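For reference, the structure is listed below as structure tokens.
Predicted model only: the values in this text are computed from it and were never measured. All chains are named by letter (A, B, ...) in the order of the sequence lines, taking the proteins before the strands, and each is independently numbered beginning at 1.
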Amino acid sequence: MDDRRRRFEQLVLPHLDAAYNLARWLAATDADDVVQDAMLRAFRAFDGFRGADARPWLLAIVRNCHYTAASRRAKRKIVPLPEGDELPTDAPDPEASAIEADEARRLNQAIKALPDEFREALVLREMENMSYRQIAEVTGAPMGTVMSRLARARSLLRESWRLEVKEAAR
Amino acid sequence: MSCERALEVQAYVDGELDAAASLAIERHLAGCAECRELRAQLQELRTAMTKHARYERPEPEFRGRIEAAITREGAPKRVKSPAFWRGALSGAVATAMAATIALFVFLPSPSDRMADDIAAAHLRSLVGNHLIDVASSNHHVVKPWFAGRADIAPPVSDFAQQGFQLAGGRIDFVNGRRAAVIVYRHGGHVVNVFAWRDDGTVRPGAHRVNGYQLLSWKEDGLVLCAVSDMAPGELRTLSDLIRKES
């Protein structure tokens, strides 16, 4: 195995789960294809990578692949499969109580319902524990925009979540 | 939420504020009920997400598929052997080679007192409060500081753009001799780069001592040794940066 490949395996491949998680939350149905496409692009572009932390760099590529595929689909007027419950829903956990499982389902539904740019900021912050600077790097948005998107994402999430809590209580 | 400091409260909850800014917002929180409510909401949401938000992981075989795709991508085009054997063989050879290289590079050499000594100096610098004599992210401050204190002029640069922020420098003693140390920060990691005049007694290479990674090389009549608890790949990135700079 050549040095380039080895470096790629050391620096980039450990972030495969992060790439997949982001792709699933963005793309739902064709996450596998998006991630594979992104990994190959990352490998081809790897000589140009000059950072220390490959995660934001890789996730930026994942995000680009997703939006490119989505716009190509839109141009060809391909209608994606109805989303339904394709996006993350919690598998029933026998250990968790019914209330817990219900709360989890409601929260994940609420995240899923967020507009793309809010959802991606929230996923990167809360699931990837990324700093504002890293989120800015992934999304190509200025830090101020990252902050306001996060604030908006959280207030929307809270509203819809609260609404569901009320409905559930009825 | 209408308080104009709402975004600062969010940044505080997200751990994005430095000590001074945190103190300022804590003072504000004490007097602003609206912002206290916001903080409570943000914390509640974080707890719920930590507990319930679903982290999506690929199927176990997905990684193998990606690796195979990369292998196809990187394989020399002129190889004529059947695709199946090429894939299987390259995988097996790759695994064997990776194991060999790992042994070669990371096997600690017990005779190398220098490596032990540097790892010990690194640890000392972390647990004591003598990490930095001159604290600055400006190499125009750190580099001249060494003049008159060390008998060498070590390479000093800031690589904040690449994720390695220059934190400062100090003088340390390794194996009974004076060494210049350049300190970098990378996320939560501290990297000490030791530098001393090459007297031919140390061979460059990589070591692992007590969980610390060491990577040493020679340039311009100096021996440099970077040590940290970062991943080996990250340490190599920093050493490449330093070498390129000088």
Residue part contacting chain B, namely of A:Asn129, when any heavy atom lies under 4.5 Å: neither
Side-chain donor or acceptor of A:Asn108 paired with backbone N/O of B:His52 under 3.5 Å: yes
Contacts of type side-chain contact (heavy atoms from CB on, under 4.5 Å), residue B:Glu8, not counting sequence neighbours: B:Arg5, B:Ile25
At a heavy-atom distance under 4.5 Å, which candidate from [options] has the highest pair count against chain B?
options                             : value
A:Glu128, A:Arg7, A:Arg133          : A:Glu128
A:Met39, A:Arg4, A:Met127           : A:Met127
A:Ile111, A:Leu16, A:Leu11, A:Asp32 : A:Asp32

Contact residues of residues 143-155 of chain A (partner chain B; heavy-atom separation under 4.5 angstrom): A:Met147, A:Ser148, A:Leu150, A:Ala151, A:Arg154
Salt-bridge contact A:Arg158-B:Glu44 (side-chain N to carboxylate O under 4.0 Å): yes
Distance in Å, [X] [atom1] paired with [Y] [atom2], rounded so as to fall on 0.5 Å steps:
X        : Y        : atom1 : atom2 : result
A:Leu107 : B:Lys51  : CG    : NZ    : 11.0 Å
B:Thr237 : A:Arg50  : OG1   : CZ    : 10.0 Å
B:Met49  : A:Leu122 : CE    : CG    : 4.5 Å
A:Phe8   : B:Glu73  : CZ    : CD    : 10.0 Å
B:Arg236 : A:Gln10  : CZ    : CD    : 7.5 Å
A:Leu22  : B:Glu56  : CG    : CD    : 11.5 Å

Atom group of B:Glu16 that falls short of 4.5 Å from chain A, counting heavy atoms: side chain
Option in B:Ala11, B:Ala231, B:Gly187 with maximal non-hydrogen atom pairs under 4.5 Å from chain A: B:Ala11
